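Worksheet: one structure, shown below.
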2 protein chains.
Amino acid sequence: MPREALWSAIAATLRAEIAEGAYAPGARLPTEAELSARFGVNRHTLRRALSDLANAGLVVSRRGSGVFVATRPTDYQLGRRVRFHQNVTASGRTPSRRISRLETRPARPEEAEVLDLQEGAAVHVIEGVSLADGLPLAAFQSVFPADRFPGLLAAMEGQSSVTAALTACGLTDYTRKETRLKAKLADPVLALALQVQPGTPVLRSVAVNVDAAGSAIEYGTTWFAGDRVTLMVSPDQP
Amino acid sequence: MPREALWSAIAATLRAEIAEGAYAPGARLPTEAELSARFGVNRHTLRRALSDLANAGLVVSRRGSGVFVATRPTDYQLGRRVRFHQNVTASGRTPSRRISRLETRPARPEEAEVLDLQEGAAVHVIEGVSLADGLPLAAFQSVFPADRFPGLLAAMEGQSSVTAALTACGLTDYTRKETRLKAKLADPVLALALQVQPGTPVLRSVAVNVDAAGSAIEYGTTWFAGDRVTLMVSPDQP
DNA sequence: CCGTATGATTTGTCTAGTTGTATAGTATAT
DNA sequence: ATATACTATACAACTAGACAAATCATACGG
């Protein structure tokens with residue numbers, strides 16, 4: 001009977017340390033060179049162990065960067081009134097946003113239709129990435145009618161909460177009217193923004209938000225990193 | 001009367017050559033392929049001879065690396081204030097240390113309890129192997145409260161004496177408060193670190209060191225290679 | 001201040017050599 | 001006949017070294 005293979009024992013050790021919290025989710029493991037020195041094995045043997053962990057979905061390795069502890073998939077509640085920050089804090093993490101684009105441009109036909117605008121009317125576009133504990137969870141693009149919120153982009157300067165900016169523009173409340181979901185593959189640009197491998201699955205959510213009066217005020221698209229987020233669709237509350 | 005087996009004769013030849021110093025302790029023997037060619041036998045037959053030597057503790061083989069000539073055991077004094085270097089030099093050997101891991105991570109419940117910390121408080125972890133004349137005698141893991149010794153890991157960089165690093169952090173003296181001993185079997189990872197066969201007996205020592213004021217400052221575990229070390233427990237001196 | 005270039009670091013892949021293990025077959029002594 | 005010793009072959013596990021590809025940090029020039 002063959003005794004336990006070295007790589008297997010090493011994998012078990014690392015597994016236990018990850019489980020004990022020695023390496024937090026999202027954290028980088030020591031380099032392969034350091035780990036192989038620590039265990040006193042050749043780098044190939046260590047890589048065999050890492051490949052076992054990666055196969056089990058416990059770690060993700062990125063060439064040139066390192067090996068990272070995989071984040072357990074987050075449940076992301078998709079409801080009429082749930083915002084990003086609540087979602088992330090509810091799972092015990094620290095939410096943050098990185099805004100990458102603020103601009104005003106003519107509405108595209110589809111956007112104009114949804115937002116009930118004339119084709120070519122000006123819209124504000126906000127693009128960015130939402131993160132939990134510094135790890136990208138989703139990339140988003142939101143389109144707002146410019147004439148309804150003239151100072152929106154200015155209100156976004158220096159802070160990152162879209163909800164707060166909308167409030168500053170006089171919108172007290174808004175709810176999600178409809179959401180369409182689709183599974184896609186991340187193209188290189190999206191993969192970069194989400195820090196995943198190109199070709200990994202992504203959940204694209206297209207949502208329309210309406211104000212209290214029921215008129216559309218936001219046309220938002222969100223791309224969730226499929227391996228980090230599980231979307232929970234809850235029944236609508238009236 | 002059965003004439004002596006081939007493998008037995010080969011083993012005797014190698015035994016004699018090792019005894020004559022043709023292969024120094026720690027040196028690598030020729031590869032199995034070379035030796036089997038030299039004696040004109042199949043590799044299996046030669047391996048039967050080698051296995052005889054290994055069983056007698058004369059050689060140690062490492063897969064992928066080669067077969068090495070082994071060395072003799074040491075007495076290791078276990079006292080309140082005895083350090084590793086003194087122990088090894090006392091037995092006429094050259095001590096050395098190989099540090100394999102320097103990290104800071106959250107304390108595990110047991111460690112927090114012993115070191116009187118809050119659960120999850122940061123601790124420094126130092127792992128390595130202690131050697132005599134280049135041969136591993138013991139593998140150790142030491143855990144220190146990070147807030148008590150903020151610069152400990154930095155002090156360990158570029159040198160290997162834990163005592164010196166502690167001194168650099170302002171700790172002038174410490175003594176062993178308690179030691180628990182247990183016999184265990186080496187798992188593959190530990191076996192590799194100690195350069196013994198997996199499954200060979202190992203002495204695990206769990207010790208708590210305290211400073212002059214009596215507060216715990218180190219939670220250390222040491223695994224001694226059972227066939228290379230004899231532990232001597234001396235009565236405590238007040 | 002920003003983009004670029006460059007060098008160092010880190011993971012991915014390949015080739016080759018060494019010991020460990022398993023299976024099957026052959027010769028020989030009892 | 002039947003163990004026992006040895007041969008033959010094949011594959012698995014691990015080591016060793018080299019190079020490629022991606023990334024990151026830093027310095028430099030506009």
Side-chain angles (χ1 to χ4, degrees), chain A residues 1-12 14 23 27-55 58-70 100 134 136 186 188-189 191-200, chain B residues 1-12 14 27-55 58-70 187-193 195-200:
Chain A
M1 188 128 95
R3 63 166 187 263
E4 185 183 19
L6 204 42
W7 65 263
S8 176
I10 292 175
L14 291 176
Y23 303 109
R28 219 193 78 171
L29 293 186
T31 68
E32 293 180 352
E34 285 168 351
L35 283 177
S36 54
R38 170 186 157 194
F39 289 107
V41 299
N42 190 271
R43 199 179 129 227
H44 285 306
T45 307
L46 183 100
R47 280 176 61 75
R48 177 71 183 84
L50 282 185
S51 124
D52 188 57
L53 297 195
N55 204 284
L58 278 165
V59 300
V60 178
S61 60
R62 287 210 290 275
R63 174 189 287 200
S65 179
V67 180
F68 300 82
V69 178
S100 57
V189 175
L192 184 67
L194 290 178
Q195 288 181 28
V196 298
Q197 306 283 354
T200 52
Chain B
M1 184 89 150
R3 76 157 186 264
E4 186 178 24
L6 243 189
W7 66 264
S8 180
I10 294 175
L14 291 175
R28 216 193 83 165
L29 294 186
T31 69
E32 294 179 352
E34 286 168 353
L35 284 177
S36 55
R38 168 185 159 195
F39 291 105
V41 298
N42 187 272
R43 198 179 131 226
H44 282 304
T45 307
L46 181 99
R47 280 177 61 74
R48 178 69 184 82
L50 282 185
S51 126
D52 188 56
L53 297 197
N55 204 282
L58 280 168
V59 300
V60 178
S61 60
R62 291 218 334 215
R63 174 187 295 202
S65 182
V67 180
F68 302 83
V69 181
D187 63 57
V189 174
L190 181 58
L192 183 69
Q195 286 181 32
V196 298
Q197 303 290 345
T200 52

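These figures come from a predicted structure and were not determined experimentally. Computation of the quantities below employed the complete heavy-atom set of this structure, encompassing side-chain atoms and omitting hydrogens, waters and symmetry-equivalent molecules. So you know, we letter chains A, B, ... as the sequences are listed, proteins then strands, and number each from 1.
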Practice task
Please state how far atom CG in A:Leu46 lies from atom C1' in D:dA13, giving the value in whole angstrom units.
Solution key: 15 Å
Fill in the blank from the handout: B:Ile10 atom CD1 is separated from D:dT7 atom P, nearest whole Å, by 8 Å
Problem - Side chain of A:Trp7 - closest among D:dC6, D:dT15, D:dC14 - result: D:dC14
Practice task
Estimate the overall bend of the helix from C:dC1-D:dG30 to C:dT30-D:dA1 from the end axes over five pairs each, rounded to 10 degrees.
Solution key: 10°
Exercise for the section: Nearest-nucleotide wise, let me know which of B:Arg48 and A:Leu6 is further upstream toward the 5' end of DNA chain D. Expected result: B:Arg48
Handout entry: 5' priority, DNA chain D, between B:Asn42 and A:Val41 [closest heavy atom]
Key = B:Asn42
Would you please name every residue forming a side-chain contact (heavy atoms from CB on, under 4.5 Å) with [X], sequence neighbours left out?
X        : value
B:Val59  : B:Ile18, B:Leu29, B:Leu53, B:Ala54, B:Val67
A:Thr31  : A:Arg28, A:Ala33, A:Glu34
B:Ala191 : B:Ala186, B:Val196, B:Pro198
A:Ser51  : A:Arg48

Exercise for the section: List the atom of B:Leu46, the atom of B:Glu32, and the distance in Å for their closest heavy-atom pair. Expected result: CD2-O, 3.6 Å
Handout entry: Shortest non-hydrogen separation from A:Val60 to A:Ala70 and the atoms involved
Key = CG2-CB, 4.1 Å
Handout entry: Approximate separation, where rounding is to 0.5 Å, of B:Ile10 CD1 and B:Asp52 CG
Key = 11.5 Å
Handout entry: Partner set under salt bridge (charged side-chain N to carboxylate O under 4.0 Å, His left out) for A:Arg38, not counting sequence neighbours
Key = A:Glu17, B:Glu127
Handout entry: Summary of protein contacts for nucleotides 10-15 of chain C, nucleotide by nucleotide, where a base hit scores B, a sugar-phosphate-only hit scores S (4.0 Å, heavy atoms)
Key = BBBBB-
